[in-house]
Amino acid sequence: MKIDKAEVIVTSPDRNFVTLKLTTDDGLTGLGDATLNGRELAVVAYLTEHVVPLLLGRDAQNIEDTWQFLYRSAYWRRGPVTMAAISAVDVALWDIKAKAAGMPLYQLLGGASRTGLLAYGHASGKSLPEVFASVNSHLEQGYKAIRVQTGVPGLESIYGIASNKGLPGNEGVRYDHEPAQRGALPAEEDWDTRAYLRHVPTVFEAVRNEFGPELPLLHDGHHRMTPIQAAQLGKSLEPYDLFWLEDCTPAENQEALRLVRQHTTTPLAIGEVFNSIWDYQQIIREQLIDYVRSAVTHTGGITHLKKILEFAGQYQIKSGMHGPTDISPVGMAAAMHLGLAIHNFGIQEYMKHGDKTNAVFEQSYSWNNGMLHPGNKPGLGVELDVDEAGKYPYATAYLPYNRLADGTVHDW
C-alpha cells in the first residue's frame with residue numbers, strides 16, 4: 001500500500017481542528033488529529049510544507065519506520081508542532097492498517113484489556129451553588145468521576161470556570177466546549193495564588209460533604225503554583241481524598257515534583273504539555289507522578305505514547321490521557337483504542353463535543369454509564385464529512401492568559 005494522497009483539512013465547527021487525511025493507492029483512507037490549540041496554523045504549515053511532500057509514495061504499512069524517519073530526518077526534534085504533525089501521520093497510518101486488517105484498532109494493539117474506559121468530566125462554578133449544580137449535571141450525564149474547578153473570591157475570571165465572562169461580544173457565554181475564545185487577541189484573566197490556596201480546600205470540603213466519600217474527585221492546578229505552594233495545596237487537600245491533583249507546578253521544572261512528593265500523599269498527574277518520552281524520563285524513573293497526562297495528538301501518536309505508557313507501567317504509573325474539546329473526535333478515538341488495549345489504564349478525560357463538531361466527525365465510539373468504548377468498526381471508527389467541514393472556515397482564536405494584581409504576566 002502506497003500513500004497516494006495527503007490532505008490537511010482545517011475546519012472550525014465549535015472550535016478549530018486540523019485533520020490529516022491519507023489515502024492509499026488502493027483507496028483506503030486514514031485520519032489523524034493535528035490540532036494544537038491556539039497555534040493550529042503552525043502545524044498546518046509544518047504538515048503542508050514539510051511533511052506531506054515526504055509521505056507521497058511511502059509504504060503505508062511501515063508505521064514505525066515512517067515515525068522514525070519523520071522524527072530523526074528533521075534534525076530539529078520534539079516540540080509541540082513537530083510532534084503534533086508526526087502524531088497525525090502516525091494515527092492515520094494506524095487507521096489505515098486496522099481498516100486493511102478489517103478490525104478495530106485496539107485489536108491490533110493487543111486486544112481489549114477491559115470492557116470500557118472510566119472517564120471524568122469538568123464541573124465548575126464561580127460559587128458553591130454553581131459548583132454543586134455543575135456536579136449534579138455531570139452525574140445526570142452519567143459521569144462516575146468529576147474534576148472540580150472553582151472561582152476564587154476577589155478574582156473575576158480564572159482558568160476552568162465555564163461561567164467566566166467572555167471577550168467583548170461573548171459576554172456570558174459558557175465555555176464548556178472551548179476556552180480558546182475567537183478574536184484577534186487573547187482574553188486577559190486575573191490570578192492570586194494565596195487567595196486560591198486559601199479557598200480551594202473549603203470548596204472540596206463542601207463538595208465532599210454534599211456528594212459523599214465515594215465519588216472520585218479531581219482538580220487541575222494548571223501550572224500556576226511554585227513547588228512549595230503546590231506542596232501546600234496537596235497537603236491541604238489530603239482530607240478530601242482526591243483521585244489526583246493535576247499540573248500542580250510548571251511541568252518544565254521536573255525536579256520541583258521531588259519537593260511536592262516530600263510533603264503530600266495526594267496523587268499527582270502531569271504531562272499535557274509534554275510531547276516526548278524525554279520529557280517523562282526523570283519523573284517516571286523517580287516515581288514523582290502517578291498519572292501520565294499526555295494526549296495521543298500531541299505526543300507523537302499511538303506509536304510513541306504507547307512506549308511512554310509501557311515505561312510508566314514498570315513503576316505502577318497509570319494513564320490519564322488528555323481529552324478536552326481541543327482534541328478532535330479523531331484524537332479522542334485514538335486515545336480510547338490505546339486506553340482499551342494497555343494494561344496500566346487509569347482514567348480518560350472526556351469533554352463532550354458540540355453538535356456541529358459531531359456532524360463534521362462521524363463517530364462510532366460510545367458513552368454509557370460513565371464508560372467510553374471506541375466501538376468495533378474497522379480502524380479508528382471515525383470518518384470526516386468533508387462537505388460539512390467546509391461549512392466552517394478557520395477562525396482566529398487564542399487561549400487566555402493571566403496577570404497578577406501588579407500587572408505581571410503569570411502562568412494561566
Side-chain angles (χ1 to χ4, degrees), residues 3 6 8 17-20 22 30-37 39-40 42-47 50-52 54-55 58 60-98 105-106 108-109 251-252 254 270-284 289 291-313 317 319-323 326-328 330-339 341-342 344 348-349 380:
I3 299 172
V8 181
F17 294 110
V18 180
T19 307
L20 177 67
L22 300 182
L31 298 178
D33 182 17
T35 307
L36 187 62
N37 200 354
R39 295 294 185 270
E40 296 91 349
V43 189
V44 171
Y46 191 92
L47 281 169
H50 302 290
V51 174
V52 165
L54 303 177
L55 296 176
R58 290 188 66 85
Q61 298 179 95
N62 296 340
I63 299 176
E64 179 72 26
D65 182 71
T66 298
W67 196 100
Q68 299 293 344
F69 169 67
L70 293 176
Y71 181 80
R72 297 179 188 278
S73 68
Y75 185 73
W76 309 108
R77 302 176 183 180
R78 301 159 62 189
V81 173
T82 297
M83 297 304 279
I86 292 176
S87 174
V89 176
D90 183 78
V91 172
L93 292 178
W94 277 110
D95 192 14
I96 289 169
K97 185 177 281 287
L105 175 55
Y106 71 83
L108 289 188
L109 301 176
E252 295 92 334
Q254 299 188 15
I270 207 162
E272 70 181 50
V273 299
F274 290 171
N275 48 70
S276 81
I277 198 166
W278 304 107
D279 297 314
Y280 282 104
Q281 188 178 37
Q282 177 182 358
I283 58 176
I284 288 177
I289 60 171
Y291 295 92
V292 167
R293 282 283 293 133
S294 281
V296 173
T297 300
H298 302 140
T299 320
I302 289 168
T303 295
H304 195 63
L305 186 52
K306 187 172 188 290
K307 293 174 182 177
I308 294 172
L309 292 171
E310 287 169 346
F311 176 42
I317 297 169
S319 73
M321 282 179 259
H322 193 47
D326 53 283
I327 304 298
S328 85
V330 174
M332 284 300 302
M336 291 180 209
H337 282 280
L338 181 57
I342 59 174
N344 57 324
Q348 174 64 55
E349 181 178 16
L380 285 174

Inset, instruction - Working to the nearest 0.5 Å, report the span between CH2 of Trp94 and CD1 of Ile96. - result: 12.5 Å
Inset, instruction - Go through the steps for Leu309 and Leu338 under the test side chain to side chain contact (heavy atoms under 4.5 Å, CB included), then give the verdict. - result: CA-CA 10 Å; Leu309 292 171; Leu338 181 57; 4.1 Å; yes
Legend entry - Expected output: side-chain Asn344 to main-chain Ile317 donor-acceptor under 3.5 Å: yes
Legend entry - Test side-chain contact (heavy atoms from CB on, under 4.5 Å) applied to Ala251 - qualifying residues, sequence neighbours left out: His223, Ile270, Val273, Phe274
Legend entry - Trp76 (side chain) donor-acceptor with Thr82 (main chain) under 3.5 angstrom: no
Legend entry - CG-CZ distance between Leu54 and Phe69, expressed to the nearest 0.5 angstrom: 4.5 Å
Legend entry - Atom CZ of Arg58 with >12 non-hydrogen neighbours under 6.0 angstrom: yes
Legend entry - Residue pair Ala92 / Gly32: nearest heavy atoms and the distance that separates them: CB-N, 3.9 Å
Inset, instruction - Mind listing the closest non-hydrogen atom pair of Leu20 and Val89 along with its distance? - result: CD2-CG2, 3.6 Å
Inset, instruction - Report yes or no: does Gln348 contribute a side-chain atom to a donor-acceptor pair with the main-chain N or O of Met321 at less than 3.5 Å? - result: yes
Legend entry - Separation between CG of Leu305 and CG of Asn275, rounded to the nearest 0.5 Å: 11.5 Å
Inset, instruction - Write down the atom of Ala60, the atom of Leu93, and the distance for their closest heavy-atom approach. - result: O-CD2, 3.7 Å
Inset, instruction - Compare every heavy atom of Ala334 with every heavy atom of Val296, then report the nearest pair and how far apart it is. - result: CG1-CB, 3.9 Å
Legend entry - Ser294 and Tyr280: side chain donor to acceptor below 3.5 Å: yes
Inset, instruction - With sequence neighbours excluded, tell me which residues meet salt bridge (Lys or Arg N to Asp or Glu O under 4.0 Å) with Asp90. - result: none
Legend entry - Ile277 side, atom CD1; Arg78 side, atom CZ - distance, nearest 0.5 Å: 11.0 Å
Legend entry - Under 3.5 Å: donor-acceptor pair, side chain of Thr303, backbone of Glu64: no
Legend entry - Gap separating the CD1 atom of Ile63 from the CD atom of Gln68, nearest 0.5 angstrom: 12.5 Å
Legend entry - Close side-chain approach of Glu349 and Arg293, heavy atoms under 4.5 Å: yes
Legend entry - Contact summary for Ser276 and Met83, nearest pair of heavy atoms: CB-CE, 4.4 Å
Inset, instruction - Provide the closest heavy-atom pair for Val81 versus Ala42 in the form atom of the first, atom of the second, distance. - result: CG1-O, 3.8 Å
Legend entry - side chain to side chain contact (heavy atoms under 4.5 Å, CB included) assessment of Val18 paired with Leu36: CA-CA 8 Å; Val18 180; Leu36 187 62; over 6 Å; no
Legend entry - Heavy-atom donor-acceptor pair, Asp95 side chain to Leu380 backbone, under 3.5 Å: yes
Inset, instruction - Report the distance from atom NE2 of His304 to atom OH of Tyr71, rounding to the nearest 0.5 Å. - result: 6.5 Å
Inset, instruction - Please identify each residue that fulfils ring pair (Phe, Tyr, Trp, His ring centres under 6.0 Å) with His298, with sequence neighbours left out. - result: none
Legend entry - Any donor-acceptor pair under 3.5 Å from Asp33 side chain to Ser328 backbone: yes
Legend entry - Residue pair His322, Thr299: steps toward the side chain to side chain contact (heavy atoms under 4.5 Å, CB included) verdict: CA-CA 11 Å; His322 193 47; Thr299 320; over 6 Å; no
